[in-house]
Amino acid sequence: MTQKTALITGLTGQDGSYLAELLLEQDYKVYGMVRRTSTINFERINHIQDDIEVVQGDLLDESSLTELLKSTKPDEVYNLAAQSFVQTSFQQAVLTGDTTALGVTRMLNAVRNTNPEIRYYQASSSEMFGKVMEVPQTEATPFYPRSPYGVAKVYGHWMTVNYRESYNMHASSGILFNHESPRRGLEFVTRKITNHVARIKQGLATELRLGDLHPQRDWGFAGDYVRAMWLMLQQDTADDFVISTGETHSVEEFCDLAFGHVDLAWQDYVVQDEAFMRPAEVDLLIGDCTKAKTVLGWEPKTTFTELVTMMVEADMELVARQQRNLA
Ligand code: NDP
Ligand code: GDR
């Protein structure tokens, strides 16, 4: 069998690193696109850097994408790159639109103009459901985004559907609910909590400042979710799939479990801070992934408790290691 080639955008992000690992396990030739930065930011991919080929490109520059597709000749493109932080999207709405929305069109154009046979994965999001129109959310639930990020993702989703229908491209959209891991960025609420739990437990911090504790999210493990991305591109027909756990928990519940894991009470440390409140909030997300279970044979493996425990323990180790290195 000939070796398959994949191009991942957003390689340096949480999902890019897990997806690259999965594709290497499947014996793919993996190219990972990174944008030019003044300092190299390969923390999440250091351990696999020798096995993948890092190539330069930027979602803001279509010709860079076209050139990359010509030189790497992928069978599959996973478009994970985005301005992905919801809070920042309120302050940088235009940049978020340019990257997270128009970036999708640039990549779809590059695929179409280079080799329309390439299978394409678009990283869509449960944030598109926003002010939810039904509970739980499925592929048929209407969208009602609540942030510039959510609006940008709706655009990217529909462009993916449109290129599939207009040009017969194998373009799939994965509507992924929140997925976390020890590699999650420190500004996202789960990692912010687990990292502070570790720092508080080890005497390096005394409080954790958070915004609204009531929002509920359907939180899964990123390592489980990248498998769903890959499965979508192995189907004969491209389609859209909700990927979720079917369980929802509040930010407060996450705090309770994370602090409780190291025998602390969150109420003693969490301080509410207006600075982390959003102009419009997404109060409740819970996904129904029946279609993915039926068609892809995918289901999540990691439970909520396992996820929180894994993240707290990883941060406990990380903080201890950082302290040893400083000593
Ligand atoms: P991260 O924020 O961890 O990673 C985003 C990646 O995009 C980084 O590699 C970043 O590079 C890259 N990037 C940003 N702007 C550009 C640009 N202009 N050109 C090229 N690369 C760029 O996100 P995740 O890994 O968590 O998420 C992956 C994708 O899935 C995103 O599209 C996100 O919106 C979406 N998503 C995520 C969910 C989640 O819960 N994690 C849920 C649903 C959807 P750099 O390192 O240089 O900043
Ligand atoms: P989200 O993730 O917006 O769902 O987007 P995030 O972890 O940022 O927020 C989750 C919920 O927690 C509330 N919250 C706080 N959030 C942050 N970041 N910091 C805080 O201090 C804080 N306090 C309370 C938020 O208001 C929100 O309700 C993530 C991203 O990965 C998107 O890219 C992805 O598409 C969606 O998940 C699905």
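Order of listing sets the numbers, starting from 1, for every ligand and every atom in it.
Comparing heavy-atom distances from atom 2 (O) of ligand 2 across Val86, Asn178, Ile193 singles out Asn178 as nearest. Ranked by closest heavy atom to atom 31 (O) of ligand 2, the top entry among Glu252, Arg146, Glu127, Arg184 is Arg184. Nearest-residue assignment for atom 20 (C) of ligand 2 (options Gln216, Lys192, Gln83; heavy-atom criterion): Lys192.
At least one cation-pi condition fails for Lys192 and Phe188: the charged atom is not both under 6.0 angstrom from the six-membered ring centre and inside a 45 degree cone around its axis.
The shortest N/O to N/O separation between Phe276 and ligand 2 does not fall below 3.5 Å. Any N or O atom pair closer than 3.5 Å counts here, and Thr190 shares no such pair with ligand 2. On a distance-only criterion, Arg278 and ligand 2 share at least one N/O pair closer than 3.5 Å. Considering backbone and side-chain N/O atoms, Glu180 never comes within less than 3.5 Å of an N/O atom of ligand 1. Geometrically, ligand 2 and Gln87 share no nitrogen or oxygen pair separated by less than 3.5 Å.
Classification of the Phe304-Phe254 ring pair by plane angle, with boundaries at 30° and 60°, yields perpendicular.
If you number the atoms of ligand 1 from 1 as listed, the ones under 4.0 Å from a heavy atom of Thr99 come out as 15 (N), 18 (N).
The nearest heavy-atom contact from the protein to atom 19 (N) of ligand 2 is Glu187 O, 3.9 Å.
Within the 4.0 Å heavy-atom criterion, the part of Met33 lying near ligand 1 is the side chain and not the backbone.
For residues 263-274, every residue pair satisfying the side chain to side chain donor-acceptor pair (under 3.5 Å) rule, not counting sequence neighbours, is listed here: Arg209-Asp273.
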